[in-house]
A.B. asks: 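Right, I'll just put the structure down here and ask away after.
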Amino acid sequence: MIPLFTAQPSGKNMEDATSSNPQSIGFTEKLKSWLSWSWTYICAVWFAMVLTMIYVLRSPLKLQDTLTSASAFLNTLTPKFYVALTGTSSLISGLILIFEWWYFRKYGTSFIEQVSVSHLRPLLGGVESSTTTGLFSSVNGEAEPRPSVSECKVWRNPLNLFRGAEYSRYTWVTGKEPLTYYDMNLSAQDHQTFFTGDTQQLKPEDTVMQKAWRERNPQARIRAAYQAIEMNHECAAAYVLLAEEEATTITEAERLFKQALRSAGKDINLLVYIKRRLAMCARKLGRIKEAVKMMRDLMKEFPLLGMLNIHENLLEALLELQAYADVQAVLAKYDDISLPKSATICYTSALLKARAVSEKFSPEAASRRGLSTAEMNAVEAIHRAVEFNPHVPKYLLEMKSLILPPEHILKRGDSEAVAYAFFHLQHWKRAEGALNLLHCTWEGTFRIIPYPLEKGHLFYPYPGCTETADRELLPSFHEVSVYPKKELPFFILFTAGLCSFTAMLAMLTHQFPELMGVFAKAFFSTLFAPLGFFADKMESFMPSSFWHQLTRI
């Protein structure tokens, strides 16, 4: 992963910063380059020089006497000293661990790591971290609103499949049930309220259909639908059920929906539902332009039914036509700061911006020259989409297997990610290089979102209840994706290990002071032995006249 994609300034900003004071910046860059070079290639030389100076100054520094004194000092130490030493070390490392953990919980990073990256790494020639404030601001400079809506509201999947022609065929082939009882029960409730909402004026056939929607057995539902048709040959809801569940092909489903349309009369709910499903049938049968026209007409005829998200069906069909200008026009209307977002809105916007630069995009070239304005816009759009729903990239990048989408989805959840990727993966593959750009940039989102994660960045905080709801919506054989948690930094793990190690030493020293004293003396003797050995070897290799002249200098 390339770190610059998370916070790299745009090409224009970089040019402005460079042109402001070229002489000072040139000198600074040379200084950094020199420091980096010296650190990388001359470490061994510095180490050799230090050892040489220690040997040359062994007489003034009384190095031999110091080693002798150190050995004598170690021999005089009592077990109480080692108990106090290990106990103090354990206490200090424990305090450092507590501070590091508190800093991580509050700011999402290690304090030691933050200091090294912010202050030491730039001096050693590393990439400086820049601020990310306003990185995801909208076009008019305002942040995404945080609506006070129910966090885990379940929505009808705008692109849900047909039970008889698609879900049932999957069951016949694999023997697995793609829909959960919870998901189907939600659909039954939808149909009951959507088609027969006025319970005061129910006709006999409506009463039968009310019972039909509640039946768990598909065959029982189908028998109830035929019973309703026998009561009234113009029972549109019964034809809808047969089209959804009995028809084994899309062509047959389309025929039954047309029959339902002729019988629907002036029932707005039925008309909207049937016309939408007819448009989806046309889309699946390859008559995409016809499907687009039907969807546009439906949106014009019933403009107040935006909650049904018919525009998401339209976006998918337009992408299949590769009518990207029309897709952008739809997004301009529905990707508004005041309207609810969805994975389809956010990721389609990211796809259009990525498509403009992805064909010639190269991570290596971008890391050398920085990101252009168009590339930065694409990266920002990807980060925005990933923050809204972090589960989608693994499906688009085929890091996780897809399944049939459920009939209901939870926005920002794994169920929505499955539904989006199932229908839109082909559109990302069609845009050359788009998946490569997504692969290079999507994980950078999690380094930008404020910590704790409950704060959010562009959108209202990520709901903590999505995992529970997704487990009820998605089948048991599917591994539900969980919101990516920030991993513990290395220095917290290192400090925890150091604290545990010193605490163990303190306990052992307290229990076995004499034995640990012997081990400590042996350790320090081994530690100081190489200095004497090095001095003897240097003296044997070099003539005494050389050392005499060097000492005089």
Side-chain angles (χ1 to χ4, degrees), residues 157-162 165-167 169-170 173-174 178 249-251 253 276-277 279-296 309-331 334-335 342-359 361 378 381-382 385-386 388-407 409 414-442 474 478 481:
N157 183 3
L159 293 141
N160 66 299
L161 304 177
F162 295 85
E166 292 173 308
Y167 287 121
R169 297 173 72 87
Y170 177 83
V173 173
T174 65
T249 64
I250 301 298
T251 302
R276 179 182 193 158
R277 296 304 262 176
M280 294 176 70
C281 288
R283 161 70 182 91
K284 292 175 184 291
L285 293 173
R287 306 195 306 271
I288 305 173
K289 291 184 178 180
E290 178 185 342
V292 168
K293 183 180 183 306
M294 294 173 68
M295 293 172 191
R296 289 189 186 278
N309 298 319
I310 302 173
H311 59 275
E312 296 193 11
N313 300 83
L314 178 60
L315 284 172
E316 196 280 326
L318 290 172
L319 285 172
E320 181 64 22
L321 288 176
Q322 301 185 46
Y324 297 110
D326 292 336
V327 173
Q328 185 60 57
V330 175
L331 286 176
Y334 290 96
D335 192 7
S342 66
T344 300
I345 292 292
C346 294
Y347 278 91
T348 302
S349 177
L351 173 60
L352 291 189
K353 293 181 180 179
R355 177 181 167 274
V357 298
S358 60
E359 186 174 355
F361 176 78
I382 289 174
V386 174
F388 181 83
N389 193 317
H391 310 294
V392 172
K394 285 191 176 181
Y395 293 107
L396 292 180
L397 297 173
E398 298 182 84
M399 300 166 64
K400 190 171 181 183
S401 300
L402 272 173
I403 60 171
L404 295 186
E407 293 186 333
I409 60 173
D414 190 34
S415 52
E416 184 191 34
V418 169
Y420 172 80
F422 186 86
F423 294 101
H424 288 263
L425 176 58
Q426 57 181 332
H427 306 314
W428 279 82
K429 286 185 174 181
R430 188 180 293 125
E432 185 177 353
L435 289 175
N436 177 48
L437 180 58
L438 177 67
H439 173 72
C440 292
T441 58
W442 75 277
L474 295 167
H478 173 72
S481 293

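All residue numbers in this chain count up from 1 along the given sequence.
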A.B. asks: A side-chain contact here means heavy atoms from C-beta on lying under 4.5 Å apart; do Pro393 and Tyr347 qualify?
C.D. replies: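 With C-beta onward as the side chain, the pair touches.
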A.B. asks: Working to the nearest 0.5 Å, report the span between CG of Asp414 and CD1 of Ile403.
C.D. replies: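 That separation rounds to 7.5 Å.
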A.B. asks: At what distance, to the nearest 0.5 angstrom, does CD of Glu166 lie from NZ of Lys284?
C.D. replies: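 Between Glu166 CD and Lys284 NZ, I get 4.0 Å after rounding to 0.5 Å.
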A.B. asks: Testing the basics here: between Arg276 and Asn309, what is the closest heavy-atom pair and its distance to 0.1 Å?
C.D. replies: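 Heavy-atom minimum between the residues: NH2-O, 3.5 Å.
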A.B. asks: Would a 4.5 Å heavy-atom cut-off, applied to side chains only, mark His424 and Leu351 as touching?
C.D. replies: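 Side-chain contact under 4.5 Å: no.
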A.B. asks: Any non-hydrogen side-chain atom of Val418 less than 4.5 Å from a side-chain atom of Ile409?
C.D. replies: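 No, every pair of side-chain atoms sits at 4.5 Å or beyond.
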A.B. asks: Contact between Phe162 and Cys281 at the side-chain level, heavy atoms closer than 4.5 Å - yes or no?
C.D. replies: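 Yes. Closest side-chain heavy atoms under 4.5 Å.
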A.B. asks: Do you know which of Leu397, Leu396, Val392 makes side chain to side chain contact (heavy atoms under 4.5 Å, CB included) with Trp442?
C.D. replies: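 Passing option: Leu397.
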A.B. asks: Do the non-hydrogen side-chain atoms of Glu416 and His391 ever get within less than 4.5 Å of each other?
C.D. replies: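 No, too far: nothing below the 4.5 Å cut-off.
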A.B. asks: Could you check whether any side-chain N or O of Asn436 sits under 3.5 Å from a backbone N or O of Ser358, counting only pairs where one atom can act as donor and the other as acceptor?
C.D. replies: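 A pair under 3.5 Å: no.
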A.B. asks: For a 4.5 angstrom cut-off between non-hydrogen side-chain atoms, does Tyr324 reach Leu318?
C.D. replies: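 No; the side chains remain at least 4.5 Å from each other.
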A.B. asks: Would you say the side-chain atoms of Gln328 pair up with the backbone N or O of Leu352, donor to acceptor, closer than 3.5 Å?
C.D. replies: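 Checking the backbone N and O of Leu352 against the side chain of Gln328, no donor-acceptor pair under 3.5 Å is found.
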A.B. asks: If you look at every heavy atom in Lys353 and Ala378, which pair is closest and at what distance?
C.D. replies: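 Of all heavy-atom pairs spanning Lys353 and Ala378, the closest is O-CB, 3.6 Å.
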A.B. asks: Give, for atom CZ of Phe423 and atom CG of Leu161, the distance between the pair rounded to the nearest 0.5 Å.
C.D. replies: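 Rounded to the nearest 0.5 Å, the CZ-CG separation comes out at 4.5 Å.
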A.B. asks: Is a donor on one side and an acceptor on the other found under 3.5 Å between the side chain of Tyr395 and the backbone of Leu425?
C.D. replies: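 A pair under 3.5 Å: no.
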A.B. asks: Roughly how far, to the nearest 0.5 Å, is the CZ atom of Arg169 from the CG atom of Leu404?
C.D. replies: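 These two atoms lie 12.0 Å from each other.
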A.B. asks: Evaluate the side-chain proximity of Arg283 to Asn313: yes if any heavy-atom separation is below 4.5 Å, no if none is.
C.D. replies: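 Not in contact.
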A.B. asks: Is the count of non-hydrogen atoms from other residues, nucleotides or ligands lying under 6.0 Å from Arg287 atom CZ greater than 12?
C.D. replies: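 Check passes, neighbour count above 12.
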A.B. asks: Would you name the heavy atoms of Ser481 and Lys400 that are closest together and state the gap between them?
C.D. replies: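 For Ser481 and Lys400, the tightest heavy-atom pair comes out as OG-NZ, 2.5 Å.
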A.B. asks: Looking at Ile345, is its backbone amide N or carbonyl O close enough to the side chain of Asp335 to form a donor-acceptor pair, meaning the two atoms are under 3.5 Å apart?
C.D. replies: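 Such a contact is absent between Asp335 side chain and Ile345 backbone.
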A.B. asks: One pair to check against side-chain contact (heavy atoms from CB on, under 4.5 Å): Gln426 and Glu320. What are the steps and the verdict?
C.D. replies: CA-CA 9 Å; Gln426 57 181 332; Glu320 181 64 22; 3.6 Å; yes
A.B. asks: Say you draw a straight line from CE of Met294 to CG of Leu314; how long is it, rounded to the nearest 0.5 Å?
C.D. replies: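 If I round to the nearest 0.5 Å, the distance is 12.5 Å.
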A.B. asks: In terms of side-chain heavy atoms, does His427 have a donor or acceptor partner in Glu316 at a distance below 3.5 Å?
C.D. replies: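 A donor-acceptor contact under 3.5 Å links the two side chains.
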A.B. asks: Could you tell me which non-hydrogen atom of Ala350 sits nearest to which non-hydrogen atom of Ala385, and how far apart they are?
C.D. replies: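 Smallest heavy-atom distance, with atoms named: CB-CB, 4.4 Å.
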A.B. asks: Ser415 and Leu474: which non-hydrogen atoms are nearest, and at how many Å?
C.D. replies: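 Scanning both residues, the minimum pair turns out to be N-CD1, 4.0 Å.
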A.B. asks: Do the non-hydrogen side-chain atoms of Met295 and Glu312 ever get within less than 4.5 Å of each other?
C.D. replies: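 No, too far: nothing below the 4.5 Å cut-off.
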A.B. asks: Could you state the interatomic distance from OG1 (Thr441) to CD1 (Ile382), rounded to the nearest 0.5 Å?
C.D. replies: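 Going from OG1 on Thr441 over to CD1 on Ile382, the span is 3.5 Å.
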A.B. asks: What is the minimum heavy-atom distance between Pro406 and Asn157, and which atoms define it?
C.D. replies: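 Between these two residues, the closest heavy atoms are O-ND2, 3.0 Å.
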